[in-house]
Each structure stands twice: as C-alpha cells, then as structure tokens.
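Per chain, numbering begins at 1; letters A, B, ... match sequence-line order. Computed from a predicted structure; not experimentally measured.
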Number of protein chains: 2
Amino acid sequence: MSVRYALLGLLAQHPRHGYELHAAFEAVVGGERIWDVKPAQIYTTLARLQDGGLVSPEAVKQDGGPEKRIYALTASGRTELDQWFDSGVDREHHRDEFFVKLMLSLAMPEINPRRVIQNQRLRLFKDLHSQTAARARLNPKTGLAQILLFDKAIMHLEADLRWLDMVEARLEDVQRQPLPQPEARPRGRPRKPRAGPTPA
Amino acid sequence: MSVRYALLGLLAQHPRHGYELHAAFEAVVGGERIWDVKPAQIYTTLARLQDGGLVSPEAVKQDGGPEKRIYALTASGRTELDQWFDSGVDREHHRDEFFVKLMLSLAMPEINPRRVIQNQRLRLFKDLHSQTAARARLNPKTGLAQILLFDKAIMHLEADLRWLDMVEARLEDVQRQPLPQPEARPRGRPRKPRAGPTPA
DNA sequence: GGTGCCATGTAACGCGTTACATGATTAT
DNA sequence: ATAATCATGTAACGCGTTACATGGCACC
C-alpha cells in the first residue's frame, strides 16, 4: 500500500501529473537504485485512486510537449491520508519463505535442514556485507533516505542471523522431530463446539 | 512464492488433493492462527503449477464422499524444488510503508514527523507486548513452528524499535531538511553519457 | 432438519511486475 | 538520423485476498 499513500501525499503538496509523481516518488524514497517504481504502477494506482474518488483529474496541460493530465487530491483523499498519518503501520505479515523452506526440510527425510540453514546464513552474510559496503560508500550529502534504509536493512539482516543461530540451537534439542500431522478428525458435529471467538 | 514451493514440497512427500494440501500446509506452518492460507489460494496455485507442468493430476478418488483430484509432483517439479532448497531466499525488498510515511511527513509542513514516529513506536511496543505474551502462553509441546515464528517476529520488532530511535536521533541533526527535489534536467541527450553500469 | 465438516472450485479485485506501444521534443 | 528524455498508457501475468457457489455426508 506504500505507493497508494505516497501518491496521496505527493498530491497533497500540489496537483501533479503521472510522470511528475513518478519522479517525485523516487526523489522522496531515495532514487532508483533503492526503490525502483515502475511507471505502470503509478498510472494504474492513479486510476484506482480516481475510481475510489480519492483523486480527480483537474486539467490537461500542453506546454509544447505531450499532454499532461494533472490530478488533484479530493476531500475524501485528504481524509484518508490524514487517517493514514495518524495510524501505525501494520507489521507486514511474516509470511516468510525461508520459514516454509525450513519446516519442509524438517518434514522431508531427503533434505538436510542443516544445509538449508547454512545456505541461508551464507546468503545473509553476503547481503549484510554488500549492504554495509554500499552504506559506507554513501557521501553524507546524499540525503537521509538512503542512509536510513541501509541502516534498517542492516539491522534486520543482523536480526535474521541471530535468529538463525537460535533456530540451529533449538534443532539440536529436538533432533529430527516428526512434523505434526493434522490428526484425522471424525466427521460430523464436533463433541464440544463450545468457546467464544477469542477464549481468554 | 512461499505457497508455491510449499505445495511442491508437500507433493514430494506423496500425492495429495487440494483439501489435504491445505490442511498439511497449516500443519507445517503452525496452524491457522499463525498463517491463514485461504483454500482459494491453494487451488489457484495448484492450477498455475499444473499449467507450468510442475505437478500433474493423477487420479480421482471417491471414497463415499465428494471427488478428490490427486496431484503428483512431476520430474521438472522435483527439479525446481531441489533448486529452491539449494538456493538462499532473497531478502524481501524493503518496500517499507512506514519509511514512505516518514519521508512524506518530512516533506509536508503540515505533518509533524515526531508524531508519526511516536505513533509508530507505540504501535511497535503494542505488537511487541502481544507477541511476547502469546509466546509465553505456548505450551512446549505445541511444536517448533509457533515458537520460531514468535521469536523471529519479536527480534524484528526489537530491531524496528532500535531503528526508530536511530531515526529520531538523526532527525535532531538535520532539522527539517528540505526534500531533495528532482532537479529539472535539460531535455535531449545528456552531456556526459559516460560511465559503466556500476561505477567504482 | 440443521449444523458442521469434507471437498471442490469460480469471480473479482488489489498490488506489483514485465513487456510493449505511441508520439513529441531536443541535442548531437 | 539517432538517441535520449518527456509523457502517456495497455496487456498480461503472479501472488494474495474476500466473497460466493455447490454438493454429499454424518451427527444430533
């Protein structure tokens, strides 16, 4: 949802057309090397926003070049933006690909989970190194954005590495524990369908 | 891409039908409270895999109940799965919604970035608390999956909090620094189109 | 007969990506 | 002419989500 709200925010500054939004987005977010937004996404998102009445086309300019359709934030767009600023961002769900891989490797006798873990550790080290190097290469006047993003990435990579160590340690305890199979429940109405939506 | 490979992995154990895959996935990944996969996704992903020739329908069973279409892994499916196990998982890109929010708040005079940060910090503390509590509530025989996921989530929340502190400290240095505007580059061919793809 | 599980999906949408198409302007 | 930027999109696909539709079977 980042792009959606980014467009609302940029249009809150002043009305713009698609190409300008694209450029402004990359300027805010730190340049194309950091976050490469495709023009297609700008235009489709803009269309969806217009559909929802959050932005509306204002005018078409032609200063010697091609047409520029200028979009502006509507009242409900402004409302949505303000609500966004006032709320915390949900943790993006931990639908973690490596976690699935690890659990599957435990369930498949022909796959060695240690190797899977070691693979991932090497990858993380490599990433950590390249991020650290890239961060060091920044000159200070590059602007905040890159620095902050690199720092965040590095901190999360470190967290991942620590987590991997923990996983390995825990695997030594529960050596080759069989996967929890979904017990074949009997059909029909359950014996005790009691309990509220969230039992305390 | 987690579900895609999870299905390949589960079918590598033995052929299954859609409903069974759904149940097995949730068993592997820790139950519905942790990772709620919708049946629709199982079936559509299965269809895509069949399209790509990675799985193929094997038989249709009818043991007194409805039809069950049994799918099996093909040779190329097995190959893809093995490659997946042998490779590291890419860091999912840091397309971070909060980061966009922060950068926009710096660019918009009517929004106070301190408040945005404080909002997010409160949210993270709340999440951290609820995750820690949920983790403590686990009984040890619940299986590895939940424990590991909670630990990972907690470690990343702590990293996010540390990062927020860093951001705040850095903002004190560069008070209300104007956003880097995309400098209006002259049209036409650039003066010095020299330089390789990654200049040293 | 109702509820709830077993088992199958389809439809439509949101976000994001790659690839493609069009055309004008301007510097060399 | 050619290349590069300015500026607009469309089409198709992958992944994920919500909502809806269908039907048999078993238990009470």
Side-chain angles (χ1 to χ4, degrees), chain A residues 1-7 16-25 32 35-52 54 57 60-71 90 92-95 97 100 182-194, chain B residues 1-7 16-25 32 35-52 54 57 60-71 90 92-95 97 100 182-194:
Chain A
M1 318 242 22
S2 317
V3 174
R4 177 190 171 86
Y5 289 109
L7 295 190
R16 302 176 194 249
H17 55 97
Y19 192 90
E20 215 184 330
L21 283 167
H22 182 251
F25 183 89
E32 28 177 326
W35 189 330
D36 182 31
V37 204
K38 322 297 184 201
Q41 196 181 348
I42 302 290
Y43 292 111
T44 52
T45 303
L46 214 38
R48 273 194 297 271
L49 288 174
Q50 187 183 346
D51 241 54
L54 304 181
V60 177
K61 240 194 247 175
Q62 252 162 322
D63 49 359
E67 293 194 340
K68 302 171 191 180
R69 293 171 212 183
I70 314 286
Y71 289 88
D90 286 335
E92 40 248 41
H93 25 309
H94 36 321
R95 274 124 172 72
E97 190 175 325
V100 171
E183 70 272 18
R185 272 164 297 177
R187 289 174 166 220
R189 203 171 163 203
R191 292 98 197 77
K192 291 203 162 231
R194 281 290 58 99
Chain B
M1 317 240 25
S2 318
V3 173
R4 177 189 171 86
Y5 288 109
L7 296 189
R16 301 176 197 248
H17 54 97
Y19 192 89
E20 215 183 331
L21 284 167
H22 181 252
F25 183 89
E32 27 175 328
W35 189 331
D36 184 29
V37 204
K38 322 297 186 205
Q41 196 182 347
I42 302 291
Y43 291 111
T44 53
T45 304
L46 214 38
R48 274 194 297 269
L49 288 174
Q50 188 184 344
D51 242 53
L54 304 180
V60 178
K61 239 194 249 177
Q62 252 162 322
D63 50 358
E67 291 195 341
K68 302 171 189 176
R69 292 171 212 184
I70 314 286
Y71 289 88
D90 286 333
E92 40 247 42
H93 23 309
H94 35 323
R95 275 120 172 74
E97 190 175 324
V100 171
E183 69 274 17
R185 274 166 294 178
R187 288 173 169 222
R189 201 172 167 203
R191 292 97 198 76
K192 289 203 160 227
R194 281 290 57 97

Whole-Å gap separating [atom2] ([N]) and [atom1] ([X]):
X	N	atom1	atom2	result
I42(B)	dC6(C)	CD1	C1'	15 Å
E20(B)	dC6(C)	CD	C1'	12 Å
R16(A)	dT8(D)	CZ	C1'	18 Å
K68(A)	dG23(C)	NZ	P	19 Å
L46(A)	dT10(D)	CG	P	11 Å

Going from [atom1] on [X] to [atom2] on [Y], what distance comes out if it is rounded to the nearest 0.5 angstrom?
X	Y	atom1	atom2	result
I70(B)	R16(B)	CD1	CZ	10.5 Å
K68(A)	Y19(A)	NZ	OH	10.5 Å
Y71(A)	L54(A)	OH	CG	13.0 Å

- Query: Taking all atoms of both residues into account, what is the closest heavy-atom pair of T45(A) and R4(A), and its distance?
  - Reply: CG2-CA, 3.8 Å
- Got a donor-acceptor contact below 3.5 angstrom from the T44(B) side chain to the Q41(B) backbone? yes
- Query: Is the backbone N or O of V37(B) less than 3.5 Å from a side-chain atom of H22(B), with the two atoms forming a donor-acceptor pair by type?
  - Reply: yes
- Task: Check whether any side-chain nitrogen or oxygen of Y43(A) sits under 4.0 Å from OP1 or OP2 of dT8(D), and answer yes or no.
- Result: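 Yes, within the criterion.
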- With respect to the phosphate group of dT8(D), does any side-chain polar atom (N or O) of Y19(A) fall under 4.0 Å of OP1 or OP2? no
Nucleotide N/O of nucleotides 14-17 of chain C paired with protein N/O under 3.5 Å:
residue : atom : partner : partner atom : Å
dC15(C) : OP2  : R48(A)  : NE           : 2.6
dG16(C) : OP2  : Q41(A)  : NE2          : 2.5
dG16(C) : O5'  : Q41(A)  : NE2          : 2.9
dT17(C) : OP1  : R95(B)  : NH2          : 3.4
dT17(C) : OP2  : Q41(A)  : OE1          : 2.9

- Message: Using a heavy-atom cut-off of 4.0 Å across all strands, would you classify H17(B) as base, sugar-phosphate, or nothing?
- Response: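 Sugar-phosphate: the residue H17(B), judged by heavy atoms under 4.0 Å, touches backbone atoms but no base.
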- Message: The side chain of R69(B) is closest to which nucleotide in this list: dT8(D), dG9(C), dA7(C)?
- Response: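 Closest nucleotide among those given: dG9(C).
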